[in-house]
Amino acid sequence: MFLTYDFKNCFDVNVKNLNNKGKWIWIGLGGLAIIVRLLLSFSPAFTEQVYSRGIFLGIRCLLDYTLGWMPVPVVLIVIVGLIIFLFYKIRNLIKTHQSFSHTLGRIGLSLVSFLMGTIFLFLVMWGFNYGRLPLEKTMNLQPQPLSTEQLKSELQINTSEVANARMAIPNITDSAVVKQFLPDDLENAIRADVEALLEKLDYPTVGTVRGRLLEPKGILLRFSTAGVYFPWTGESNVDAGLHPVQIPFTLAHEFAHGYGFTDEGTCNFLAYLACTQSDNKFFQYSAQLSYWRYVASSYRRHDREAYKTFFKTLPKGVVADLYAIDANSNKYPDILPEFRDVAYDTFLKTQGVKEGMKSYSRVVMMVKAWRDLGKEVE
């Protein structure tokens, strides 16, 4: 009698067990990362020193000097890779289908594993920065909600700044600005301004965060997003379809994310300071106009009729740019805007950003508090 052994079946079983073990490892790592994130929220000073000014800097260098050398946005490669991976998993699922309950269990385990693995990498590679010391504490700012009269005053001050910044741009006319005003070395120029600001504020700026213009145009704008920082690749991305006057400020905002700042209002504030203190006049105008839109939006919510009256007093060139921004945005109608807003608002709040999506407008309170200090960033 000869004994036979089904090596193929044994191999398949071992591979299956190994795959399942790997999935449970990712689930465990994701759960551990969530626990660590919760613990770090109780000690912002510890998070600041150990992670934000320590571990994260190593991750920053690792990403910038590997993926940062890629000639194309790595996020697009990741998206294509995920599509191919999903196709492969679906095909494999069909080939190895046994029963409905068995297949459902495999799908459930795979989804949970993928989600927890994504969370683990997100938190380790960037997300723990949500627990760091708030910028307003390190800058001794005390942001407070503005009354209607304070908003009106801030709008008047900023309108004057916007008008002056626009007139200072070489060869400017009353027509809406065009992309020719953007420098050829936009990425390097904006990054240098953000790094110069952070160094003044005594924040480390190791590595070289990449700033990419994503194609096709509208890939982010159709989800009401002008730019996004992708923690898994370390890239700051801005939609290439964005109006030219919005690009410098938005890119500076995403660079601030890249250097470890998570709060949207904080990144708006850093982008405002970096661009307004830039030597590039167009960058200065981009920041002033972007800030003006936040102030104007807040004031309009308080007194719509007064805002309409005030709008009529704006310089022609500024009005032309505002109308051009709106016209450009209309080229890219939103896809599922309600779902996007609810999902992102919920995400921000789970990370300790109490204002949720309203945190973007927090820049108005921060700039006002900064003005009240009467200080420049030295």
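It should be emphasised that the depicted structure is a prediction, and the values quoted were computed from it without experimental measurement.
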Asker: So, for M125 and W232, which heavy atoms are closest and what is the spacing to 0.1 Å?
Answerer: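 For M125 versus W232, the nearest heavy atoms are CE-O, 3.6 Å.
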
Asker: Mind listing the closest non-hydrogen atom pair of C275 and P248 along with its distance?
Answerer: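 Nearest heavy atoms, C275 then P248: SG-O, 4.0 Å.
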
Asker: Quick one, K152 with E149, criterion salt bridge (charged side-chain N to carboxylate O under 4.0 Å, His left out). Give me CA distance, side-chain angles, the key distance, then yes/no.
Answerer: CA-CA 5 Å; K152 180 179 179 180; E149 285 303 312; 5.1 Å; no

Asker: Is any side-chain heavy atom of Y51 less than 4.5 Å from a side-chain heavy atom of V36?
Answerer: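 With C-beta onward as the side chain, the pair stays apart.
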
Asker: Classify the side-chain pair E154/Y291 by whether it contains a donor and acceptor separated by less than 3.5 Å.
Answerer: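 Looking only at side-chain atoms, Y291 and E154 do form a donor-acceptor pair, the distance falling under 3.5 Å.
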
Asker: Report yes or no: do T262 and N129 form a side-chain donor-acceptor pair below 3.5 Å?
Answerer: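 No donor-acceptor contact under 3.5 Å links the two side chains.
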
Asker: Group every Ile, Leu, Val, Met, Phe, Trp and Tyr by side-chain heavy-atom contacts under 4.5 Å, then state whether I119 and F85 land in the same group.
Answerer: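 I119 and F85: separate clusters.
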
Asker: Check the side chains of E161 and N164 for a donor-acceptor pair under 3.5 angstrom, ignoring hydrogens and angles.
Answerer: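 Judged by distance alone, the side chains do not pair up.
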
Asker: Taking atom types as modelled, find out whether D64 and T208 have a side-chain donor-acceptor pair closer than 3.5 angstrom.
Answerer: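 No pair is found: no donor N or O on one side chain lies under 3.5 Å from an acceptor on the other.
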
Asker: For A176 and R166, which heavy atoms make the closest approach, and how far apart are they?
Answerer: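 Smallest interatomic distance, heavy atoms only, reads CA-NH2, 4.2 Å.
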
Asker: Locate the shortest heavy-atom distance separating V72 from E235; write the atom from each residue and the value.
Answerer: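 Reported closest heavy-atom pair: O-OE2, 4.1 Å.
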
Asker: Do S41 and R37 have a side chain donor and acceptor closer than 3.5 Å?
Answerer: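 Side-chain D/A pair, S41 to R37: absent.
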
Asker: Is it the case that D321 and Y285 place a side-chain donor and acceptor less than 3.5 Å from each other?
Answerer: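 A donor-acceptor contact under 3.5 Å links the two side chains.
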
